[in-house]
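Computation of the quantities below employed the complete heavy-atom set of this structure, encompassing side-chain atoms and omitting hydrogens, waters and symmetry-equivalent molecules.
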Amino acid sequence: MGWSWKFTLQILPQLLQAVKITISATIVSFLIALVCGLWLAFARRSEVKLLSWVTGGFVEFVRSTPPLVQLFFIFYVAPHFGLMLSPFTAGVLGLGIHYSTYLSEVYRAGIDAVPRGQWEAAIALNFSKAQMWMRIILPQAIRPIVPVLGNYLIVMFKETPLLSAITLIELLGQAQIIGSNSFRYLEPITLVGVFFLILSYLSSLLVRRLEAWLKLNQKGFIN
């Protein structure tokens with residue numbers, strides 16, 4: 001069976017439609033992971049020992065179990081407890097929560113890297129807790145970890161095929177449907193690989209530009 005350009009052009013609109021779902025799922029999952037990860041990092045550093053221990057246990061549990069199992073639990077088991085979610089909502093929630101545990105450790109590393117003198121200066125200047133975090137600590141903690149956060153964005157993008165297991169028709173799921181209906185897998189699966197290569201490359205360029213912009217902005221701030 002050789003490559004058919006006619007068949008390729010015929011299935012291209014369906015795959016492009018699925019690309020939109022893949023990109024949407026990645027962006028929403030990443031935003032959930034960014035926000036939840038920061039709150040997990042705060043909770044892990046809390047002076048309330050019980051909160052810190054519970055958060056630490058949750059992070060270790062989620063990181064130690066496969067994301068596919070967590071997706072199955074949210075989509076197939078949660079409805080038994082009255083929580084019914086659409087495939088898209090369950091998918092982005094599952095991926096977002098799973099990767100928030102990894103991002104929480106990245107946030108912690110960035111926060112721990114802020115020099116002790118910066119904390120003491122904020123206290124000496126009588127900054128409130130909110131001012132200290134928003135104006136002193138977080139700006140210095142997040143800049144160095146942007147490349148790592150960008151890498152996790154690309155990793156999450158590559159994990160989106162897992163969502164087809166909970167019936168969300170993303171890029172790979174659409175290719176499988178096309179293949180099973182036409183008995184031709186060469187074109188759809190090859191195109192999936194090409195789409196993932198292009199989108200991963202564009203994502204890495206975006207992260208590099210963001211990193212360069214932050215460095216430039218940091219120099220301007222210092223000067």
Side-chain angles (χ1 to χ4, degrees), residues 1-37 62-79 83-103 106 147-208 210:
M1 181 184 293
W3 181 275
S4 169
W5 285 107
K6 182 181 178 182
F7 183 66
T8 302
L9 293 175
Q10 182 184 336
I11 64 175
L12 199 54
Q14 294 173 270
L15 291 176
L16 286 174
Q17 191 64 32
V19 167
K20 294 179 185 176
I21 297 173
T22 296
I23 293 175
S24 301
T26 304
I27 292 174
V28 177
S29 301
F30 187 63
L31 291 176
I32 292 173
L34 281 177
V35 174
C36 294
V62 173
R63 291 178 55 169
S64 302
T65 51
L68 186 58
V69 174
Q70 294 160 18
L71 288 171
F72 276 2
F73 188 88
I74 293 173
F75 189 67
Y76 292 111
V77 180
L83 182 61
M84 298 192 68
L85 301 172
S86 68
F88 184 86
T89 304
V92 298
L93 200 58
L95 280 184
I97 291 173
H98 183 80
Y99 279 95
S100 70
T101 58
Y102 288 92
L103 295 195
V106 178
V148 183
L149 296 178
N151 287 337
Y152 273 108
L153 170 64
I154 296 171
V155 170
M156 290 177 73
F157 170 64
K158 294 176 183 174
E159 291 279 26
T160 52
L162 289 175
L163 303 183
S164 63
I166 56 169
T167 72
L168 180 65
I169 309 302
E170 43 66 63
L171 188 54
L172 184 60
Q174 185 63 59
Q176 288 175 319
I177 291 173
I178 293 171
S180 61
N181 289 338
S182 63
F183 300 104
R184 291 187 68 95
Y185 287 92
L186 175 61
E187 293 87 353
I189 298 299
T190 303
L191 286 176
V192 167
V194 172
F195 280 132
F196 270 103
L197 175 64
I198 293 172
L199 291 172
S200 295
Y201 181 68
L202 292 177
S203 300
S204 65
L205 287 181
L206 182 65
V207 171
R208 286 179 196 170
L210 178 60

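- The side chain to side chain contact (heavy atoms under 4.5 Å, CB included) search around Gln14 returns Ile11, Gln174, Ile178, not counting sequence neighbours.
- A donor-acceptor pair shorter than 3.5 Å cannot be found between the side chains of Ser200 and Ser203.
- In this structure, the side chains of Leu162 and Leu71 come closer than 4.5 Å at one or more pairs of heavy atoms.
- Put simply, the side chain of Ser164 does not reach to within 4.5 Å of the side chain of Ile169, judged on heavy atoms.
- Put simply, OG1 on Thr65 and CZ on Phe73 are 10.5 Å apart, with the number rounded to the nearest 0.5 Å.
- The side-chain heavy atoms of Leu199 and Val19, taken from C-beta on, include a pair separated by under 4.5 Å.
- Judged by distance alone, the side chain of Gln70 and the main-chain N or O of His98 form no donor-acceptor pair under 3.5 Å.
- For the pair Leu83 and Ile74, the minimum side-chain heavy-atom distance is 4.5 Å or more.
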(message) Between Phe195 and Leu16, does the side-chain contact (heavy atoms from CB on, under 4.5 Å) criterion hold? Intermediate values first, please.
(response) CA-CA 9 Å; Phe195 280 132; Leu16 286 174; 3.7 Å; yes

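- Considering CG of Leu15 and CD of Glu187, their distance stands at 10.5 Å, rounded to 0.5 Å.
- Within the 3.5 Å criterion, the main-chain N or O of Ala18 finds a donor-acceptor partner in the side chain of Thr22.
- Proximity of Tyr102 to Val155: side-chain heavy atoms (C-beta onward) are nowhere separated by under 4.5 Å.
- Aromatic pair Phe157/Phe30: ring centres not closer than 6.0 Å.
- The heavy-atom pair separating Ser100 from Cys36 by the smallest distance is CB-CB, 3.6 Å.
- Here the CG atom belonging to Leu186 is positioned 9.0 Å from the CG atom belonging to Leu191, to the nearest 0.5 angstrom.
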(message) One pair to check against side-chain contact (heavy atoms from CB on, under 4.5 Å): Leu95 and Leu163. What are the steps and the verdict?
(response) CA-CA 9 Å; Leu95 280 184; Leu163 303 183; 4.0 Å; yes

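- More than 12 non-hydrogen atoms from other residues, nucleotides or ligands lie less than 6.0 angstrom from OH of Tyr76.
- Counting only distance, with no hydrogens or angles, the side chain of Thr8 and the backbone of Ser4 share a donor-acceptor pair below 3.5 Å.
- With rounding to the nearest 0.5 angstrom, the OG1 atom of Thr26 is 9.5 Å from the CD atom of Glu170.
- Interatomic distance, OG1 of Thr160 versus CD1 of Ile23, reported as 9.5 Å (0.5 Å rounding).
- Using a 4.5 Å cut-off on side-chain heavy atoms (C-beta onward), Ile166 and Phe72 make contact.
- Closest of all the heavy-atom pairs between Phe75 and Ser86 is CE1-C, 4.1 Å.
- The structure places CD of Gln10 at 10.0 Å from CZ of Arg184, a figure rounded to the nearest 0.5 Å.
- Thr190 places none of its side-chain heavy atoms less than 4.5 Å from the side chain of Tyr185.
- In this structure, Tyr99 and Glu159 have side chains that are in contact, with non-hydrogen atoms separated by less than 4.5 Å.
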